[in-house]
Novice: 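Have a look at the structure that comes next, please.
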Amino acid sequence: DAGITQSPRYKITETGRQVTLMCHQTWSHSYMFWYRQDLGHGLRLIYYSAAADITDKGEVPDGYVVSRSKTENFPLTLESATRSQTSVYFCASSIGETNTEAFFGQGTRLTVV
Amino acid sequence: GENVEQHPSTLSVQEGDSAVIKCTYSDSASNYFPWYKQELGKGPQLIIDIRSNVGEKKDQRIAVTLNKTAKHFSLHITETQPEDSAVYFCAASLTNTGNQFYFGTGTSLTVIP
């Protein structure tokens with residue numbers, strides 16, 4: 001039972017480069033989410049998806065792009081990485097009914113130099 | 001949008017003592033309040049949740065209380081153990097917002113043996 005997995009776990013990239021963080025879940029959950037975690041800010045929602053081919057912005061979407069062609073995958077792309085995007089990124093999924101538990105991946109620590 | 005505030009940011013207790021973490025929210029429409037525990041290097045994991053039609057919920061040493069009038073909710077951990085040391089996040093969710101959660105900034109709990 002793999003659950004929800006993120007890759008890579010750690011990534012260092014240069015300013016201006018494009019980088020994609022991967023997220024894969026094996027539960028067929030309808031909803032998937034991307035959060036970033038920064039000290040003093042907790043977890044902030046970047047984008048979420050209610051189903052394949054349906055995505056919507058969260059609190060802090062600028063500079064990020066998502067896609068969801070398959071239910072199980074929800075990649076997050078930083079089109080032109082900036083230092084302010086240095087953070088720990090968490091992917092999560094939930095069954096899809098309102099107010100149900102979100103299951104989080106292990107996180108990706110991204111450093112933009 | 002919803003604003004969730006969490007206090008304290010750090011908390012140290014002696015093993016066996018109780019720990020209390022408090023959160024307030026701004027949107028009276030919020031109706032689901034989960035608490036997540038995050039251990040070092042891992043993603044957050046749900047430990048307990050409460051819905052707006054309930055005032056208190058217990059699960060062994062953990063309890064959550066909700067005061068809808070005052071718009072605050074609290075996590076109570078009794079008989080703390082060293083393995084309770086972690087970062088705890090409260091969150092609030094609004095119905096019909098795509099299962100989005102708004103998180104507090106986290107409380108780092110240290111249980112001293």
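Quick note: numbers below take in every heavy atom, side chains included, and nothing from hydrogens, waters or symmetry partners. Sequence lines set the chain letters: A, B, ... in the order given, protein chains first and strands last, and positions in each chain run from 1.
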Novice: Go through the structure and list residues passing side-chain hydrogen bond (donor to acceptor under 3.5 Å, both in side chains) with A:Arg9, not counting sequence neighbours.
Specialist: none

Novice: Report yes or no: do A:Met22 and A:Tyr31 belong to one cluster of Ile/Leu/Val/Met/Phe/Trp/Tyr joined by side chain heavy-atom distances under 4.5 Å?
Specialist: no

Novice: Spell out the residues in residues 37-47 of chain B that have some non-hydrogen atom less than 4.5 Å away from a non-hydrogen atom of chain A, in order of number; otherwise answer 'none'.
Specialist: B:Gln38, B:Gly41, B:Lys42, B:Gly43, B:Pro44, B:Leu46

Novice: Give the minimum heavy-atom separation between B:Phe89 and A:Gln37, together with the two atoms involved.
Specialist: CZ-NE2, 3.0 Å

Novice: Are more than 12 heavy atoms, taken from residues, nucleotides or ligands other than B:Glu79, located less than 6.0 Å from that residue's CD atom?
Specialist: no

Novice: Name each donor-acceptor pair under 3.5 Å that joins a side chain in residues 7-23 of chain B to protein atoms two or more places apart or in another chain, with its distance.
Specialist:
none

Novice: Which value, rounded to the nearest 0.5 Å, describes the distance between B:Thr105 atom OG1 and A:His41 atom NE2?
Specialist: 9.5 Å

Novice: Should A:Ile12 and A:Leu21 be regarded as members of a common hydrophobic cluster, given that ILVMFWY residues are connected when their side-chain heavy atoms come within less than 4.5 Å of each other, either directly or indirectly?
Specialist: no

Novice: Using the benzene-type ring in the case of Trp, are the ring centres of A:Tyr35 and B:Phe101 under 6.0 Å apart?
Specialist: no

Novice: Kindly check if the number of other-residue, nucleotide or ligand heavy atoms within 6.0 Å of CD (B:Glu83) is above 12?
Specialist: yes

Novice: B:Phe33 versus chain A, heavy atoms under 4.5 Å apart: side chain, backbone, both or neither?
Specialist: neither

Novice: Taking distance alone, no hydrogens or angles, what donor-acceptor pairs closer than 3.5 Å link side-chain atoms of residues 61-69 of chain A to residues at least two apart or in another chain?
Specialist:
{"unit_1": "A:Tyr64", "atom_1": "OH", "unit_2": "A:Arg36", "atom_2": "NH1", "d": "2.9"}
{"unit_1": "A:Tyr64", "atom_1": "OH", "unit_2": "A:Tyr89", "atom_2": "OH", "d": "2.7"}
{"unit_1": "A:Arg68", "atom_1": "NE", "unit_2": "A:Thr71", "atom_2": "O", "d": "3.2"}
{"unit_1": "A:Arg68", "atom_1": "NH1", "unit_2": "A:Ser30", "atom_2": "O", "d": "2.5"}
{"unit_1": "A:Arg68", "atom_1": "NH1", "unit_2": "A:Ser49", "atom_2": "O", "d": "3.3"}
{"unit_1": "A:Arg68", "atom_1": "NH1", "unit_2": "A:Ser49", "atom_2": "OG", "d": "2.9"}
{"unit_1": "A:Arg68", "atom_1": "NH2", "unit_2": "A:His29", "atom_2": "O", "d": "3.1"}
{"unit_1": "A:Arg68", "atom_1": "NH2", "unit_2": "A:Ser30", "atom_2": "O", "d": "3.0"}
{"unit_1": "A:Arg68", "atom_1": "NH2", "unit_2": "A:Thr71", "atom_2": "O", "d": "2.7"}

Novice: Indicate, with yes or no, if A:Phe33 and A:Ile54 share a hydrophobic cluster defined by side-chain heavy-atom contacts under 4.5 Å among Ile, Leu, Val, Met, Phe, Trp and Tyr.
Specialist: no

Novice: Do A:Glu59 and B:Phe103 come close enough that some side-chain heavy atom pair is under 4.5 Å?
Specialist: no

Novice: Side chain, backbone, both or neither: which part of A:Leu43 has a non-hydrogen atom closer than 4.5 Å to chain B?
Specialist: both

Novice: Would you say CZ of A:Arg109 has more than 12 non-hydrogen atoms from neighbouring residues, nucleotides or ligands within 6.0 angstrom?
Specialist: no

